[in-house]
Amino acid sequence: MIKSFITPELMPAFPEISLAIAAMLILLFGISRKEEDYNSVSNLSMLALAAVFMTLCKFCTETATTFNGMFIADAFGAFMKALVVTGSFVSIMLAAKYVERQRIMRFEYPILILFATLGMMLMISANDLIALYMGLEMQSLPLYVLAAMQRDTVRSTEAGLKYFVLGALSSGMLLYGASLIYGYTGATGFDAISTALAGHPAGLGIIVGMVLLLSGLAFKISAVPFHMWTPDVYEGAPTSVTAFFAIAPKLAALALLTRTFMGPFGHLADQWRQVVVVISVASMVLGSVAAIGQNNIKRLLAYSSIGNMGYALVGLAAASPAGVQAIMIYAAIYMVMTIGAFAVVLMMKQKDRMVEQISDLSGLGDRQPLLALAMTIMMFSMAGIPPLAGFFGKLFIFQAAIGSGLYTLAVLGVLASVIGAYYYLRIIKVMYFETAGDDVIDKASDGRLNLLLGISSALIVLFIVFPGPLLTSAADAAQSLFK
Amino acid sequence: MIEAIFFYVFSAVLIGSAAWVISSRNPVHSVLALILAFFNAAGLFVMLGAEFLAMIMVIVYVGAVAVLFLFVVMMLDIDFVKLKAGLVKNAFVGFIVGGVLLAEFVWMYLRWGMSQVTPHVMMPTPDMAQVNNTQALGMVLYTHYVYLFQISGLILLVAMIGAITLTHRRRPDNRTQKVAIQVARNPKDVLKVEKITSGSGVH
């Protein structure tokens, strides 16, 4: 009865294993210091992420599975992991001054980001329903803690609690869906589910399971109608944590959604497309309309991210290689824009006090023209105005939708993006055409924020000149899902 | 025959104690009823031949979760009457949502069909006559599922870090016991023996 045990191939999971070991070593280092040593731990964490980034491209050409097919390393995974690792690296960098000012300089902060990143990488590489769930929990748990990090403010605690309770609810839906899928296919592995589903008309149980799974994942990318938590959590969590929420986990959940629905459920594309189309239209419209009334810039960016996920889902609804490629390009551009926008939000302080109202930006065009210019670039790009990168992100998405014959969806998307342009332009109007009172934003003191803002502005502006690297790598990576 | 009797005894006590959990006015009684419910569920598992689940049920749910509940109930001053006040107010909405969900699932199970998809079993359950299920679980948990086992470990580590991050605080004004100083104290420096003449008191 006892089967011989063969050690699984470890090389495909090399980046994940190294990150796990690095995170634990840094944790030990952090504990062994007598005083809280935030800066060293944060620098070491960034070093670890940079090292992991270097190892990612060992697997960007061929596809390998390991751990009995539960883990898959391929070009798609490597691309998305590169984005996620970069996002986490930048999030730690963005946080440096902010956590000091807000007195949340605890060495666990970067370590929790490392563990969340590990969870995201496991999600992206999940090739099995159980592995998918484990990755998701591994990613979510540190996020709940990070949201509640500033525990002496009610808002932060509330954000953490709200995120936790709703996250548990979404996990419940996802697990119920997964158990139905297991019940109807007899397998949890993606490859086996795919074989079980091929060539059959889909049963009702499978479809219910699949929709529940989709709902659970839609919660993680905060797509409508599972978005309720987003504005509150974004507003309540410390700003540097909000930046992290917007930058990295969304991309990982998007990658997981793409892999799951293009892979094992690829045969049922006609079934889930209807659901994805509804979710995507609702997210685009709500993201545009609800943001109009917001005065808090963090809430505004929360609605903006809901809308952006709606656009990304248009690419998923296309269910084609072009759609996947468009999702990846969109994800990359979204990440750069979000980094830029949050760098500006983290610079918003008046007389050494953080402010987050949109009206606080008034007069920025006169007092700090460079900062205002960078914010203008981000906002124009998010609104999708050519020739900035955000325009091309949307262009590829809508092209893919039209390529799959989803004309109505594409038209609705364009309309939503026109409505959405209003509130992006409003920020620009406030910065340039409204006169400031005595209170204006202080001169930026953190070189790192300036550097990140400069780099992201340059990337957004120069995308039209050098689109090649992103387009070709996304195209290659998208192909790996369709072998 | 004897199995049937045990089954009905366990089931009846289980359902009865579950009803007790939600109907009792005293939260401590609720928790105790919950523990009883767990024991009976464990009994049902043993009868099914799932002794591993039964033991886990007793160790995890009775040993840890229920006792934790008991601590929470007894140590926190929660006004359960106030908590229940909102119950009637929200019951209507709750019933509608629950009813819709129930109707959906009833509809789904009425149209339940297994035939469209070929049963496709990846890992057949080993024969119970040859190996008991604790052993069978152990054999796959550390081999086939080693990846998931390791991630579970990491998740528990994160949970621990999270709990400590959110609750631990260094209090500079904390009066902790310093054993070294206590031991180093000399009785001669801190004790004074005085003779007191009666009626004059201590000055």
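Treat the numbers as computed from the prediction; the structure is a model and nothing was measured. Order of the sequence lines fixes the chain letters, A, B, ..., with proteins taken first and strands second; residue numbering starts at 1 for each chain.
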B:Leu154 side chain reached by A:Met24 side chain, heavy atoms, under 4.5 Å: yes

A:Met70 and B:His144, any side-chain heavy atoms less than 4.5 Å apart: yes

Residue selection (most heavy-atom pairs with chain B, distance under 4.5 Å) from A:Glu137, A:Glu16, A:Met134: A:Met134

Neighbour count above 12 (heavy atom, 6.0 Å) for B:Tyr61 OH: no

Residue selection (most heavy-atom pairs with chain B, distance under 4.5 Å) from A:Leu27, A:Val145, A:Ile111: A:Val145

B:Tyr147 atom OH: more than 12 heavy-atom contacts under 6.0 Å: yes

Residue A:Tyr176 excluded, over 12 heavy atoms near OH under 6.0 Å: yes

Rounded distance [0.5 Å steps], CD1 in B:Ile164 versus CD1 in A:Ile31: 7.5 Å

All pairs passing salt bridge (Lys or Arg N to Asp or Glu O under 4.0 Å) where residues 114-128 of chain A contributes a residue, at least two apart: none

Over 12 foreign heavy atoms within 6.0 Å of CZ, B:Phe71: no

Contact summary for B:Thr143 and A:Asn68, nearest pair of heavy atoms: O-ND2, 4.0 Å

Within-4.5 Å side-chain heavy-atom neighbours: A:Tyr133 and B:Ile151: no

Leading residue by heavy atom contact count with chain B [cutoff under 4.5 Å; candidates A:Leu118, A:Thr157, A:Leu146, A:Ile130]: A:Ile130

Most chain B-contacting option - heavy-atom pairs closer than 4.5 Å, from A:Arg151, A:Glu108, A:Arg106, A:Met138: A:Arg151

Contact class of A:Ala131 relative to chain B, heavy atoms under 4.5 angstrom: both

Enclosure of B:Gln182 CD (heavy-atom neighbours >12, cutoff 6.0 Å): yes

Atom pair CZ/CZ of A:Phe67 and B:Phe149 - distance to nearest 0.5 Å: 13.5 Å

pair B:Ile161-A:Phe115: side-chain heavy atoms closer than 4.5 Å: yes

